[in-house]
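Computed from heavy atoms alone, side chains included, the values below leave out hydrogens, waters and symmetry copies. Note that the structure is a prediction, hence the values are computed from the model and not measured.
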Amino acid sequence: MARPKRLLIDQQPHLIHYQVINQRNAFSDNQDYQQYLHWLNKESLIHDCVLHAYLLLPKQIYLVLEPSCGEDISKLMQALGRRYVRYLNLKEKLSGTLWKDRFKASPLHSDFWLKNTLHYLVYKPVSEGLCKTPKDYPWSSYRKYVFQQLSYLQDLKLPPDPSIRSQLEVAISRNLPLP
């Protein structure tokens, strides 16, 4: 039986989620994170997807991508997955897949969902016990949003509506949920 087709919408932000299989880590050192981000940046440009946010955890990956054509997300994730899994398997002298399932993609139909998704991604490393505050976690787009510091990605885009960004900054700075 064929797998159900994903709902991917043109010019609409999507939350992308990948989880690793078993107890394996997706990233074992800073070089792995940097390599993944380098290829993510490259593939997002090739496949015409705007990367609004990212969060790389040891066993999970979250991205907020906006494709010009919905199918571009699948092409980007396939190219990125092939490159990164090959790299990691060679490095760790392993074989096989890294990912538990296919990536999950959820369209973010409104600014409400986009804001709440960004808020969730900012605080996920804190809730996982990886850091005390969001600014302490180096593998997310948090610094780009709040401090406008150069992140590991040069072409990271902010959400299109400035009011979303300002509400996010206020909520994060005051440790409040988004309105």
Self-check item: Rounded distance (nearest 0.5 Å) linking atom CZ of Phe103 with atom CG of Leu65
Solution: 9.0 Å
Quiz item: If you look at every heavy atom in Tyr123 and Pro134, which pair is closest and at what distance?
Solution: CE2-CG, 3.7 Å
Exercise. Determine, stepwise, if the pair Leu76 / Ser44 fulfils side chain to side chain contact (heavy atoms under 4.5 Å, CB included).
Key: CA-CA 6 Å; Leu76 181 154; Ser44 66; 3.7 Å; yes
Exercise. Of all the heavy-atom pairs spanning Tyr137 and Leu57, show the shortest one and how long it is.
Key: OH-CA, 3.6 Å
Self-check item: Atom pair CD (Glu66) and CD (Gln11), whose distance is rounded to the nearest 0.5 Å
Solution: 7.0 Å
Quiz item: Do you know the tightest heavy-atom contact between Leu51 and Ala53?
Solution: CD1-O, 3.3 Å
Quiz item: Is a side-chain N or O of His14 found less than 3.5 angstrom from the main chain of Gln12, in a donor-acceptor match?
Solution: yes
Exercise. Run the numbers on Asn30 and Trp139 for side chain to side chain contact (heavy atoms under 4.5 Å, CB included), then give the verdict.
Key: CA-CA 9 Å; Asn30 288 346; Trp139 306 112; 3.4 Å; yes
Quiz item: Side chains of Pro125 and Leu55: does their closest heavy-atom pair fall under 4.5 Å?
Solution: yes
Quiz item: Taking only residues two or more places apart in sequence or in another chain, which ones pass side-chain contact (heavy atoms from CB on, under 4.5 Å) with Cys69?
Solution: Asp10, Glu71, Asp72
In a table with atom names and distances, give each donor-acceptor pair under 3.5 Å that connects a side chain of residues 81-92 to protein atoms at least two apart or in another chain.
residue	atom	partner	partner atom	Å
Tyr84	OH	Ala26	O	2.5
Tyr87	OH	Asp32	OD1	2.7
Asn89	OD1	Arg24	NH1	3.2
Asn89	OD1	Arg24	NH2	2.7
Asn89	ND2	Gly96	O	2.8
Lys91	NZ	Asp29	OD1	3.1
Lys91	NZ	Asp29	OD2	2.8
Lys91	NZ	Asp32	OD1	2.6
Lys91	NZ	Asp32	OD2	3.2

Quiz item: Under 4.5 Å between any side-chain heavy atoms of Tyr18 and Met77, yes or no?
Solution: yes
Quiz prompt | Close side-chain approach of Val126 and Lys132, heavy atoms under 4.5 Å | solution = no
Exercise. Apply side chain to side chain contact (heavy atoms under 4.5 Å, CB included) to the pair Leu56 and Ser140, showing each step before the final yes or no.
Key: CA-CA 6 Å; Leu56 307 181; Ser140 78; over 6 Å; no
Quiz prompt | Heavy-atom donor-acceptor pair, Gln60 side chain to His17 backbone, under 3.5 Å | solution = no
Quiz item: Looking at Asp136 and Cys131, what are the two nearest heavy atoms and their distance?
Solution: CB-CB, 3.8 Å
Quiz item: With sequence neighbours excluded, what pairs up with Thr97 under the side-chain hydrogen bond (donor to acceptor under 3.5 Å, both in side chains) test?
Solution: none
Self-check item: Residues forming a side-chain hydrogen bond (donor to acceptor under 3.5 Å, both in side chains) with Glu128, sequence neighbours excluded
Solution: Lys124
Exercise. Treating Ile, Leu, Val, Met, Phe, Trp and Tyr as nodes and any side-chain heavy-atom pair under 4.5 angstrom as an edge, say whether Tyr120 and Val64 lie in one connected cluster.
Key: yes
Quiz prompt | Contact summary for Leu40 and Leu80, nearest pair of heavy atoms | solution = N-CD1, 3.6 Å
Quiz item: Do Leu130 and Leu37 sit in the same hydrophobic cluster, where Ile, Leu, Val, Met, Phe, Trp and Tyr count as joined when their side-chain heavy atoms come under 4.5 Å apart?
Solution: yes
Quiz item: How many angstroms lie between atom OG1 of Thr117 and atom CG of Leu108, to the nearest 0.5 angstrom?
Solution: 4.5 Å
Exercise. State yes or no: are the ring centers of Tyr62 and Tyr54 separated by less than 6.0 Å?
Key: no
Practice problem: Report the distance from atom CD of Glu43 to atom CD of Gln78, rounding to the nearest 0.5 Å. | Solution: 10.0 Å
Practice problem: Under the side-chain hydrogen bond (donor to acceptor under 3.5 Å, both in side chains) rule, collect the residues that match up with Asp48, sequence neighbours excluded. | Solution: Ser68
Quiz item: Are the side chains of Lys100 and Val20 in touch, meaning some heavy atoms are under 4.5 Å apart?
Solution: no
Self-check item: Pairing residues for Gln35 by the side-chain hydrogen bond (donor to acceptor under 3.5 Å, both in side chains) criterion, not counting sequence neighbours
Solution: none
